[in-house]
Amino acid sequence: QVKLVESGGGLVQAGGSLKLSCAASGRTFSNNPMAWFRETPDKEPEFVAAISRSGETDYTDAVKGRFTISRDNAKNTMYLQMNSLKPTDTAIYYCAARSTQDMGVFTRRLNYYYWGRGTQVTVSS
């Protein structure tokens with residue numbers, strides 16, 4: 001069974017850092033585009049960062065310069081390093097993967113098929 005499992009969330013003070021992990025199982029995602037989205041109770045999930053099969057990346061303006069997306073194909077795992085965290089970063093963070101081995105970076109929810117169940121990130125002021 002294909003699964004994506006996020007981990008690494010927690011409580012952090014503003015200015016702190018967290019590193020999220022997304023461990024995939026059931027199949028290899030080495031050549032599949034992947035991404036991170038985040039969600040708060042009052043709005044729909046929003047794009048955070050994406051990475052292509054070849055390592056190209058894209059970020060929403062709100063996190064540029066602070067977050068870094070990466071992947072380790074040997075571990076079938078994707079990461080999101082989050083630095084200089086702000087209270088507005090508080091959300092549930094989800095990882096996602098496309099079901100096909102496409103080229104390019106994808107930033108829309110409808111571009112993704114597999115989703116994790118999320119990990120909570122809370123940033124206090």
Novice: Check whether any side-chain heavy atom of Tyr59 sits under 4.5 Å from a side-chain heavy atom of Ile69, and report yes or no.
Specialist: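 A side-chain contact under 4.5 Å exists here.
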Novice: Kindly give the heavy-atom pair with the smallest separation between Gly104 and Pro33, and that separation in Å.
Specialist: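 That closest heavy-atom pairing would be O-CG, 3.8 Å.
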Novice: Should Tyr114 and Ser99 count as side-chain neighbours, where that means a heavy-atom distance under 4.5 Å?
Specialist: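 Heavy-atom side-chain distance check passes, below 4.5 Å.
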Novice: Starting from the C-alpha separation in whole Å, work towards a yes-or-no answer on side chain to side chain contact (heavy atoms under 4.5 Å, CB included) for Tyr94 and Cys22.
Specialist: CA-CA 9 Å; Tyr94 298 90; Cys22 174; over 6 Å; no
Novice: Side-chain heavy atoms under 4.5 angstrom apart, residues restricted to Ile, Leu, Val, Met, Phe, Trp, Tyr: same cluster for Val121 and Met78?
Specialist: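 They do share one cluster, since a chain of ILVMFWY contacts under 4.5 Å joins Val121 to Met78.
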Novice: Is there a side-chain contact between Met34 and Phe106 (heavy atoms, below 4.5 Å)?
Specialist: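 No, their side chains stay 4.5 Å or more apart.
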Novice: Locate the shortest heavy-atom distance separating Pro87 from Ala14; write the atom from each residue and the value.
Specialist: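 That closest heavy-atom pairing would be CD-CB, 4.1 Å.
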Novice: On the 0 to 90° scale, with breaks at 30° and 60°, tag the Tyr112-Phe37 ring pair as parallel, tilted or perpendicular.
Specialist: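 The arrangement is perpendicular - the two ring planes meet at more than 60°.
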Novice: Can Asn76 and Arg27 be counted as having a side-chain donor-acceptor contact under 3.5 angstrom?
Specialist: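 No.
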Novice: CG of Asn73 to CZ of Arg53: how many Å apart, nearest 0.5 Å?
Specialist: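 Those atoms lie 10.5 Å apart.
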Novice: Do the side chains of Phe47 and Arg108 get nearer than 4.5 Å, heavy atoms only?
Specialist: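 Not touching, per the 4.5 Å side-chain cut-off.
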Novice: If the threshold is 4.0 Å, N to carboxylate O, is there a salt bridge linking Asp89 and Lys86?
Specialist: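 No, no charged N to carboxylate O under 4.0 Å.
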Novice: Treating Asp72 as the side-chain partner and Thr77 as the backbone partner, does any N or O pair qualify as donor plus acceptor under 3.5 Å?
Specialist: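 Not confirmed, Asp72 side chain does not pair with Thr77 backbone.
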Novice: Could you give the distance from CZ (Arg71) to OG (Ser30), rounded to the nearest 0.5 Å?
Specialist: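 Taking CZ in Arg71 and OG in Ser30, the distance rounds to 7.0 Å.
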Novice: Atom NZ in Lys3, atom OG in Ser25: separation rounded to 0.5 Å?
Specialist: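 Those atoms lie 6.0 Å apart.
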Novice: Quick one: pull up OG1 in Thr119 and CD1 in Ile92 and give me the separation to the nearest 0.5 Å.
Specialist: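 Atom-to-atom, Thr119:OG1 and Ile92:CD1 are 9.0 Å apart.
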Novice: What's the spacing between Thr68 OG1 and Lys19 NZ if we round to 0.5 Å?
Specialist: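 Interatomic distance, Thr68 OG1 to Lys19 NZ, rounded to 0.5 Å: 10.0 Å.
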Novice: Between Glu46 and Arg38, does any side-chain N to carboxylate O distance fall below 4.0 Å?
Specialist: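 Answer for the salt bridge query: yes.
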Novice: Please tell me whether Ile51 and Tyr113 are part of a single hydrophobic cluster in this structure, the criterion being side-chain heavy atoms less than 4.5 Å apart.
Specialist: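 Yes.
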Novice: Contact between Val48 and Phe67 at the side-chain level, heavy atoms closer than 4.5 Å - yes or no?
Specialist: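 Counting from C-beta outward, Val48 and Phe67 do come under 4.5 Å.
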Novice: Transitively linked via ILVMFWY side-chain contacts under 4.5 Å: Leu80 with Leu18?
Specialist: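 Leu80 clusters together with Leu18.
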Novice: Give a yes or no on whether Met82 and Val12 share a hydrophobic cluster (residues Ile, Leu, Val, Met, Phe, Trp, Tyr; joining criterion: side-chain heavy atoms under 4.5 Å apart).
Specialist: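 Per the 4.5 Å side-chain linkage, Met82 and Val12 are co-clustered.
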Novice: Counting N and O atoms only, with roles assigned by atom type, does the side chain of Arg66 sit under 3.5 Å from a partner on the main chain of Ser84, one being a donor and the other an acceptor?
Specialist: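 A pair under 3.5 Å: yes.
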Novice: Evaluate the side-chain proximity of Arg98 to Asn111: yes if any heavy-atom separation is below 4.5 Å, no if none is.
Specialist: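 Counting from C-beta outward, Asn111 and Arg98 do come under 4.5 Å.
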Novice: If we count only N and O atoms by modelled type, under 3.5 Å, do the side chains of Tyr93 and Glu6 hold a donor and an acceptor together?
Specialist: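 No pair is found: no donor N or O on one side chain lies under 3.5 Å from an acceptor on the other.
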Novice: For Glu39 and Ala91, which heavy atoms make the closest approach, and how far apart are they?
Specialist: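 The pair with the smallest heavy-atom distance is O-CB, 3.4 Å.
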Novice: Taking the side chain as everything from C-beta on, heavy atoms only, tell me whether Phe29 gets closer than 4.5 Å to Leu4.
Specialist: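 Side chain of Phe29 against side chain of Leu4, heavy atoms only: contact under 4.5 Å found.
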Novice: Regarding Ser17 and Asn83, is there a side-chain donor-to-acceptor distance under 3.5 Å anywhere?
Specialist: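 Yes, because at least one side-chain N or O of Ser17 sits under 3.5 Å from a partner of the opposite role on Asn83.
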Novice: When you compare the side chains of Ser54 and Ser52, does any donor N or O come within less than 3.5 Å of an acceptor on the partner?
Specialist: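 Judged by distance alone, the side chains do pair up.
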Novice: So do the side chains of Val105 and Thr57 get within less than 4.5 Å of each other, counting heavy atoms only?
Specialist: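 Of all side-chain heavy-atom pairs linking Thr57 with Val105, none is under 4.5 Å.
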Novice: Just how far is it from atom CG of Asn31 to atom CG of Asp102, taken to the nearest 0.5 Å?
Specialist: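 It is 10.5 Å, given to the nearest 0.5 Å.
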